[in-house]
There are 2 protein chains.
Amino acid sequence: MLDKLEYLIALSREQHFGRAAESCGVTQPTLSAGIKQLEEMLGVLLVQRGSRFIGFTAEGERTLDWARRIVGDSRAMREEINALRHGLTGQLRIAAIPTALAMVAQLTTPYRARHPDVRFTVWSRTSIEILTQLENLEIDAGVTYLDNEPLGRVNAVPLYQERYQLLTAPDAALGDRKRVTWKEVAQVPLCLLTPDMQNRRIIDGLLRSAGGAAVQPTLESDSMILLFAHVRTGRWASVMPARLAETLGLTATIRAIPIVEPEAVHTIGLVVPPREPLTPLAAALVAEAKRLAAGLAE
Amino acid sequence: MLDKLEYLIALSREQHFGRAAESCGVTQPTLSAGIKQLEEMLGVLLVQRGSRFIGFTAEGERTLDWARRIVGDSRAMREEINALRHGLTGQLRIAAIPTALAMVAQLTTPYRARHPDVRFTVWSRTSIEILTQLENLEIDAGVTYLDNEPLGRVNAVPLYQERYQLLTAPDAALGDRKRVTWKEVAQVPLCLLTPDMQNRRIIDGLLRSAGGAAVQPTLESDSMILLFAHVRTGRWASVMPARLAETLGLTATIRAIPIVEPEAVHTIGLVVPPREPLTPLAAALVAEAKRLAAGLAE
DNA sequence: CCGAACGATAGAAATTTTCAATCGTTGTAT
DNA sequence: ATACAACGATTGAAAATTTCTATCGTTCGG
């Protein structure tokens, strides 16, 4: 029955019988039959049947909740028993928002020092994707904003405060300033993340409330590396979290100027499934996050 | 895999492969193979192997914990989805200590009024049996002492306070008293529960600390009905909780005399698995218990 | 030393699961 | 209006698994 619950979770993830089947490594008829068996066992329809996948019924949604929990627990069991025997091993799957990606190294590095047999996979994802992937057991933990948009059902560990700086060449407009206002920044052509990123929405909001007009970035990307590479040429400007700018390294061609009025602050943190107990791999990451947060707060 | 986890739970309950298999409705080789499959999946021995069942390994105990949780959740899922469709139906399995059995009617009666399609099974059990049966998913809820001996991992809802009375014939020794002391009670030949019952251990303790000598009841039984039937003849005496004596009905042949010095009080309550969310059947019982407790406290 | 109890094992039978192939429906583009 | 493509359901055969009966080997108690 556990595998059928996996099918249900995959179906919710893919919203498509065929793709869900593929992602489970079975054929579509097998997955269809599995869902039907679940429905027979529970005596209710779980999926709204039409010519194609429409959505789950109310009972389907509840079952999905249970499925995530039960499947998550059964994975946690395996992981925990394995950890008892061989210490922490296996794959730790993390997703982080682009502006926090650089910071992930501060978590993974001490983690690996403590648990050398753990392998990491880190994805760059939007904050919304992080939450759904966490829900669907596709990742073990995420790094995202804790205080801006709603988080949903997760457990959060605050890591650090994100503050914003204008990155620009010293000889560009505003390049010689000690600090600039959002109103001033609104006048500069910027390289920003795409609007599906929460960071972009935050900056949009700040620029809008300072400058009035809608934001028209000169260049958009979902990659911080791309944005940074442009700024690095000395011909472009961007707004980035202070900590990220430091990590990427300030060269002679770039200045990082604090943006004030308002001095915006947002909290970034680790999010993990609201499961108790966590998988050992995730629990160790939470411990690492708490250590890191304590270190950063000093 | 879920069925294998059931096997593991049954094995922990029965401490015997053959009986565990029978209780799961499979043959002994099937259960043996199931356990072995779990062991292979997890890569550890779960059961200490000797010529017979000795016990679980440390990993086995942890796995057992997970098994209880996962199996419990999967049952809760079925129950909840069924409840969405058909309202509360099915079997509610309760165990209560003998002195609280009469009180169970106060829970089941309003419960049944609200949910007529639920059937009840109520067992008389010792407080210790209640805790292990709860752990092993053999019952959905228990009624037992909350404040005397350790409870283990359960959620508790206090129901009422148990106070002790001497039940005896009016013309017997102490039969004319308004109240009696434990020291005096220690002199009377008593009908008491067997020592595996916590109520007996409580009374033993009270008598011992008042009278000094060890308790030598004239008659022991694990059945309150048997004790009460003896008292009812007018030729025997017993110590019973006040509320129970009231429920059983005081006749001309019996007086119930409060026992003081000390005026001992113990809390009886409902215990349910520490699972969140509870099964709908158990949750409704908890709600009923809270209502009842509120009513009794008035 | 024997016998009973217990759990493991082997092999056959039954059941379940899975898949390839195909069907029927629906929505869309022509 | 018609043809087509996408999607999920269905079917029937093959494969995998589970389960059972029968039996074995060990251990413990008398």
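Model, not experiment: these values are computed from the prediction. Letters A, B, ... mirror the listed sequences (proteins, then strands); counts begin at 1.
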Check: The side chain of B:Pro29 lies closest to which of these nucleotides: D:dA22, C:dC19, D:dC28?
Finding: D:dA22
Checklist line | B:Arg19 side chain to B:Glu14 backbone, donor-acceptor under 3.5 Å | finding: yes
Checklist line | Integer-rounded Å distance: C:dT9 P and B:Glu39 CD | finding: 11 Å
Checklist line | Closest-nucleotide ordering on DNA chain C, the 5'-leading residue of B:Gly18 and A:Tyr7 | finding: B:Gly18
Margin query: Can you confirm whether A:Ile94 sits close enough to A:Asp140 that some side-chain heavy atom of one is under 4.5 Å from a side-chain heavy atom of the other?
Written below: no
Item checked: Separation of atom CG in A:Leu31 from atom P in D:dT10, rounded to whole Å -> 14 Å
Notebook entry, point to check: Does D:dG8 have OP1 or OP2 sitting under 4.0 Å from an N or O in the side chain of A:Lys36?
Noted result: no
Next item on the list: Find the distance A:Gln28:CD to D:dG8:P and express it as a whole number of Å.
Entry: 7 Å
Check: Would you say the side chains of B:Glu79 and B:Thr279 form a donor-acceptor pair under 3.5 Å?
Finding: yes
Item checked: B:Gln37 vs D:dT18: side-chain N/O to OP1/OP2 distance below 4.0 Å -> yes
Checklist line | Nearest to side-chain heavy atoms of A:Asp3, which nucleotide of D:dT18, C:dT18, C:dA21 | finding: C:dT18
Item checked: Interatomic distance, B:Met1 atom CE to B:Glu6 atom CD [nearest 0.5 angstrom] -> 12.0 Å
Notebook entry, point to check: Atom CD of A:Glu22 and atom P of D:dG8: how far apart are they, to the nearest Å?
Noted result: 13 Å
Margin query: Does D:dG8 have its OP1 or OP2 closer than 4.0 Å to a side-chain nitrogen or oxygen of A:Ser32?
Written below: no
Next item on the list: Verify the contact: side-chain N or O of A:His16 to OP1 or OP2 of D:dG8, cut-off strictly under 4.0 Å; return yes or no.
Entry: yes
Item checked: Nucleotide nearest B:Val26 (side chain, heavy atoms from C-beta), chosen from D:dC7, D:dC20, D:dT19 -> D:dC20
Check: Please give, in whole Å, the distance from D:dT18 P to B:Glu40 CD?
Finding: 11 Å
Margin query: Looking at B:Arg49, I'd like to know whether one of its side-chain N or O atoms comes within less than 4.0 Å of OP1 or OP2 on C:dA8.
Written below: yes
Notebook entry, point to check: Looking across every strand, which nucleic acid part, if any, lies under 4.0 Å from A:Gln15 by heavy atom: base, sugar-phosphate, or nothing?
Noted result: nothing
Check: Taking atom types as modelled and ignoring hydrogens, do the side chains of B:Thr126 and B:Gln198 form a donor-acceptor contact shorter than 3.5 angstrom?
Finding: no
Notebook entry, point to check: If you check every side-chain atom of B:Arg52, which of D:dC7, D:dA9, C:dA5 has the closest atom?
Noted result: C:dA5
Next item on the list: Take the protein atom CE of B:Met41 and the nucleotide atom P of D:dT18, then report the distance between them rounded to whole Å.
Entry: 12 Å
Item checked: B:Thr27 side-chain N/O to D:dT19 phosphate OP1/OP2 under 4.0 Å -> no
Next item on the list: Rounded to the nearest angstrom, tell me the gap between atom CD in A:Gln48 and atom P in D:dA9.
Entry: 13 Å
Note to self: With a 4.0 Å cut-off on N to O distance, would you call B:Arg93 and B:Glu138 a salt bridge?
What the structure shows: no
Next item on the list: Specify the separation, in whole Å, of atom CD1 of A:Ile54 and atom P of D:dA9.
Entry: 11 Å
Notebook entry, point to check: A:Lys4 side chain N/O closer than 4.0 Å to the phosphate oxygens (OP1, OP2) of C:dT17?
Noted result: yes
